Protein chains: 2
Amino acid sequence: MATIYQVSELAGVSLATVSRVMNNNVRVSEATRNKVLQAMEQLGYRPNSIAQSLASSRSNSIGILVSELHGPFYGEMLTGIEAEFRAAGKHVIIAAGHSERATEEDGIDFLRSRNCDALILHVEAVSDQFLIDLSKKETPFVLLNRQVPALADRCISLDNELGGYLAARHLLQQGHRHIGYIAGPMWKADARDRFHGHQRALAEYQLTADEALFFEGDFRETGGSKGLQALLASGRPFSAIVCANDEMASGALTAARELGYEVPADFSVMGFDNVNFAYYTYPKLSTIDYPVSAMGHMAARWVLKKVYQQSNIDVQQVFNPHLIPRDSVAEAANT
Amino acid sequence: MATIYQVSELAGVSLATVSRVMNNNVRVSEATRNKVLQAMEQLGYRPNSIAQSLASSRSNSIGILVSELHGPFYGEMLTGIEAEFRAAGKHVIIAAGHSERATEEDGIDFLRSRNCDALILHVEAVSDQFLIDLSKKETPFVLLNRQVPALADRCISLDNELGGYLAARHLLQQGHRHIGYIAGPMWKADARDRFHGHQRALAEYQLTADEALFFEGDFRETGGSKGLQALLASGRPFSAIVCANDEMASGALTAARELGYEVPADFSVMGFDNVNFAYYTYPKLSTIDYPVSAMGHMAARWVLKKVYQQSNIDVQQVFNPHLIPRDSVAEAANT
DNA sequence: TAGTATGATGTAAGCGCTTTCATTTATAGC
DNA sequence: GCTATAAATGAAAGCGCTTACATCATACTA
């Protein structure tokens with residue numbers, strides 16, 4: 001592999017000049033620039049990015065920690081992030097946190113040890129304090145889908161409370177008054193926020209959530225099917241359920257069918273996230289759109305702006321969800 | 001940030017000794033090792049991985065190129081790969097190739113310029129020759145889900161032909177004789193192989209694929225719905241269709257419902273891949289299992305073995321698919 | 001007890017770049 | 001044509017490590 005030294009020799013200029021044409025910020029005369037370019041071409045020269053990083057103390061790499069690498073949600077997020085950075089010539093190092101405190105902390109550590117210029121973190125299990133402490137260390141980071149008041153300027157998040165509100169209101173407007181709720185793990189902030197929004201909507205109708213019609217799931221399909229079974233087992237009548245994400249809604253739909261119920265004739269089902277497959281469930285899932293890809297892009301742009309000084313970039317930090325009505329919700333029968 | 005130099009000073013030993021205890025291969029007396037460890041602890045020392053890479057000409061990073069970062073298939077693959085490397089202390093740089101020749105070549109270039117120690121490639125659009133040429137360059141790589149005869153020792157693949165065969169045979173055994181086929185893009189090797197397997201099974205029953213009942217889709221939901229419409233429009237009767245992947249099968253299922261057909265009463269549908277959501281479609285999709293996560297693991301282990309000399313690792317290069325019968329296929333009515 | 005392995009440690013030369021500072025060369029003003 | 005200024009280029013010192021190679025102390029052999 002040719003080095004910068006051989007290029008400089010072939011072109012008959014100094015190392016410094018070659019370096020300058022590579023980082024074309026400084027002025028180099030057209031003539032020498034061409035000589036150098038030609039020499040590079042001829043030698044098939046490729047700069048050694050490791051050496052560049054060492055010398056410039058900038059690795060051009062961004063560490064991404066997400067809970068999982070699979071699943072419709074994280075996939076979209078990663079796609080958005082990667083696209084943005086790739087275009088900027090930066091590269092992306094990924095790690096999975098699996099929603100566990102130790103693994104998340106370990107992942108952050110791992111990424112930091114890799115000399116990332118910045119981190120994009122989708123963490124759920126580490127404490128706010130941990131993040132606040134982390135913010136005092138040298139590596140900058142943004143938080144995706146998390147609100148830490150003390151770190152407000154580094155948070156890119158969705159208004160989950162509003163989403164929960166919109167979902168419930170949709171059902172209420174369709175006349176539903178007995179609404180079951182299959183929540184996400186309540187130690188997760190987004191799960192809690194969604195439920196709070198739900199409660200707020202109910203309150204507007206002078207209603208409160210029935211504890212017997214509440215089930216705490218795991219954000220996965222099985223959580224939805226177990227949740228539905230639990231609601232049914234409670235013996236309490238209900239005409240609709242909201243699931244805190246689409247995976248659980250899908251599980252609930254499947255379970256409903258297996259148990260002989262028909263959605264939305266027997267009861268309506270709302271999802272949340274509007275992941276790709278929500279259109280392909282049966283019936284098509286009414287849900288709340290989560291602009292996850294856009295938010296991934298935005299996190300990347302935050303980094304480009306704050307860390308790589310690309311000042312012409314605008315960043316939006318709070319996103320709003322909106323309702324996607326489809327076929328899994330129908331008007332309530334006469335109550 | 002503390003450097004190795006300060007550690008050596010605090011511990012009262014030379015740079016080399018500190019380096020030795022970090023890479024604990026060489027012999028260092030217990031006493032000095034402890035002194036050094038203690039000094040590191042005290043300074044909160046963390047080695048600079050960039051400097052390590054430059055000095056050792058080993059980056060401990062592996063480049064991964066997949067077609068997409070989202071979608072159930074690639075997500076599983078990445079999860080498998082990441083888990084394996086993370087445990088080994090290596091890190092993973094990812095890029096998306098989007099199934100386009102230029103983007104794939106560019107991605108490989110990008111990864112190579114990042115000094116990856118090895119590459120794991122899931123490429124579809126670049127030519128065999130390109131890969132053969134690439135194999136002559138310094139960066140080693142494995143191919144996932146691709147068979148290049150000249151590079152057989154670097155391929156980890158599924159026997160797609162067998163999968164196509166199993167899918168068709170299942171239908172034939174259920175008495176179906178008029179079978180539609182919604183293929184993937186036929187320029188992709190896996191799409192072709194699956195179809196070849198399909199033809200082989202038909203041949204065993206003295207049948208050939210009806211060209212009017214063949215549709216070339218795009219491996220996505222919309223491909224499946226368009227495909228079904230095309231088959232229906234052909235006017236040819238059929239009692240079953242096989243889709244070359246689960247996404248298209250899901251699209252076909254949804255389209256069938258919209259058009260007023262019932263699966264499997266009106267016709268059976270087979271998928272391929274056994275992605276996560278296949279269990280949650282309605283009806284539950286009969287499909288062919290693709291052990292994608294295991295194959296991701298295996299690709300990572302190939303790298304560990306061949307590039308990082310972990311000789312105790314076994315690698316399996318060819319995987320076999322198998323049938324997962326569920327509810328979307330039923331016996332053919334009397335023909 | 002001299003002679004020789006052997007294990008532990010130190011010295012110093014890179015790895016391939018970036019970047020500051022000094023130097024040379026070109027341009028302009030008068 | 002000569003000096004003042006700006007533009008282009010070069011020299012060289014790192015960036016924080018790894019790793020031959022050299023050195024030194026100790027343990028063993030005969």
Side-chain angles (χ1 to χ4, degrees), chain A residues 1-40 43-61 89 112-117 138-139 308-309, chain B residues 1-40 43-61 89 112-117 138-139 308-309:
Chain A
M1 204 67 232
T3 72
I4 195 177
Y5 182 75
Q6 313 183 38
V7 174
S8 82
E9 202 165 342
L10 213 191
V13 299
S14 74
L15 283 200
T17 302
V18 178
S19 175
R20 287 189 186 103
V21 353
M22 291 202 294
N23 308 289
N24 45 248
N25 29 5
V26 202
R27 53 245 168 140
V28 177
S29 74
E30 267 310 294
T32 36
R33 153 165 284 119
N34 285 143
K35 269 193 304 187
V36 171
L37 257 18
Q38 206 177 332
M40 288 180 166
L43 291 168
Y45 170 75
R46 316 185 55 159
N48 179 323
S49 62
I50 302 275
Q52 289 179 311
S53 297
L54 184 59
S56 64
S57 58
R58 172 155 283 191
S59 67
N60 285 312
S61 68
R112 291 211 310 133
S113 79
R114 248 53 217 203
N115 295 77
C116 293
D117 292 338
E138 63 283 35
T139 314
Y308 295 112
Q309 273 74 261
Chain B
M1 205 65 235
T3 71
I4 194 175
Y5 184 75
Q6 313 182 39
V7 174
S8 82
E9 203 164 341
L10 213 192
V13 300
S14 73
L15 284 198
T17 303
V18 177
S19 174
R20 285 188 188 105
V21 353
M22 292 202 294
N23 308 289
N24 45 248
N25 29 7
V26 202
R27 53 249 166 130
V28 178
S29 74
E30 267 309 294
T32 36
R33 152 166 285 119
N34 285 144
K35 271 193 303 186
V36 171
L37 256 19
Q38 205 177 329
M40 287 180 166
L43 290 168
Y45 170 75
R46 317 184 54 157
N48 179 323
S49 63
I50 302 275
Q52 288 179 311
S53 297
L54 183 60
S56 65
S57 59
R58 171 156 286 190
S59 67
N60 285 313
S61 68
R112 290 212 311 134
S113 79
R114 251 49 221 206
N115 296 77
C116 293
D117 292 339
E138 62 284 32
T139 315
Y308 296 111
Q309 272 74 259

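Residue numbers start from 1 in every chain, and the chains themselves are labelled A, B, ... in the order their sequence lines are given, proteins ahead of strands. Quick caveat, the model's predicted, so the values are computed rather than measured.
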Is A:Thr32 touching bases, backbone alone, or none of the nucleic acid, heavy atoms closer than 4.0 Å? sugar-phosphate
In whole Å, what is the span from the CD atom of B:Glu9 to the C1' atom of D:dG16? 15 Å
Looking at C:dT19, D:dC15, D:dG16, which one has an atom nearest to any side-chain atom of A:Ser19? C:dT19
Once you apply a heavy-atom cut-off of 4.0 Å, does B:Ser53 come out as touching a base, just sugar-phosphate, or nothing? nothing
Rounded to whole Å, the CG-C1' distance (A:Asn115 to D:dC17) equals 12 Å
Among C:dG10, D:dG10, C:dG16, which nucleotide sits nearest the side chain of A:Ala16? D:dG10
Closest contact, heavy atoms only, A:Ala39 versus A:Ala11: CB-CB, 3.9 Å
Please report, rounded to the nearest Å, how far the C1' atom of C:dT18 is from the CG atom of B:Leu54. 12 Å
Please give, in whole Å, the distance from C:dC17 C1' to A:Ile4 CD1? 6 Å
To the nearest 0.5 Å, how far apart are OG in A:Ser59 and CG in B:Asn48? 9.5 Å
B:Val18 near the nucleic acid: base, sugar-phosphate alone, or nothing, with a heavy-atom cut-off under 4.0 Å? nothing
Any side-chain N or O of B:Ser29 below 4.0 angstrom from OP1/OP2 of C:dT9? yes
Whole-Å distance between C:dC15 C1' and A:Tyr5 OH? 15 Å
Closest to the A:Ser56 side chain, choosing from C:dG10, C:dC17, C:dT19: C:dT19
How many whole angstroms separate atom CZ of A:Arg58 from atom C1' of C:dT19? 14 Å
Against the side chain of A:Leu15, the closest entry in D:dT18, C:dA8, C:dT18 is C:dT18
Can you tell me how far the CZ atom of B:Arg114 sits from the OG1 atom of B:Thr139, to the nearest 0.5 Å? 13.5 Å
Taking all atoms of both residues into account, what is the closest heavy-atom pair of A:Ile4 and A:Tyr45, and its distance? N-CE1, 3.5 Å
What's the NZ-C1' distance between B:Lys35 and C:dG10, to the nearest Å? 13 Å
If you pin B:Ala51 and B:Val13 to their nearest nucleotides in DNA chain C, which one's is more 5'? B:Val13
Report yes if a side-chain nitrogen or oxygen of A:Thr17 is closer than 4.0 Å to either non-bridging phosphate oxygen (OP1 or OP2) of D:dT9; otherwise report no. no
To the side chain of A:Arg20, which of D:dT9, D:dT18, C:dT18 is closest? D:dT9
Would you mind classifying the nucleic acid contact of A:Ser57 as base, sugar-phosphate or nothing, using non-hydrogen atoms under 4.0 angstrom? nothing
Going through the checks in order, is the side-chain contact (heavy atoms from CB on, under 4.5 Å) test met by A:Arg112 and A:Glu138? CA-CA 9 Å; A:Arg112 291 211 310 133; A:Glu138 63 283 35; 3.8 Å; yes
Nearest-Å distance for atom pair CE/P, residues B:Met22 and D:dT18: 4 Å
Determine: side-chain N/O of B:Ser14 to OP1/OP2 of C:dG10, distance under 4.0 Å, yes or no. yes
Might you point out which heavy atoms bring A:Val28 and A:Thr17 nearest each other, and give the distance in Å? CG1-CG2, 4.3 Å
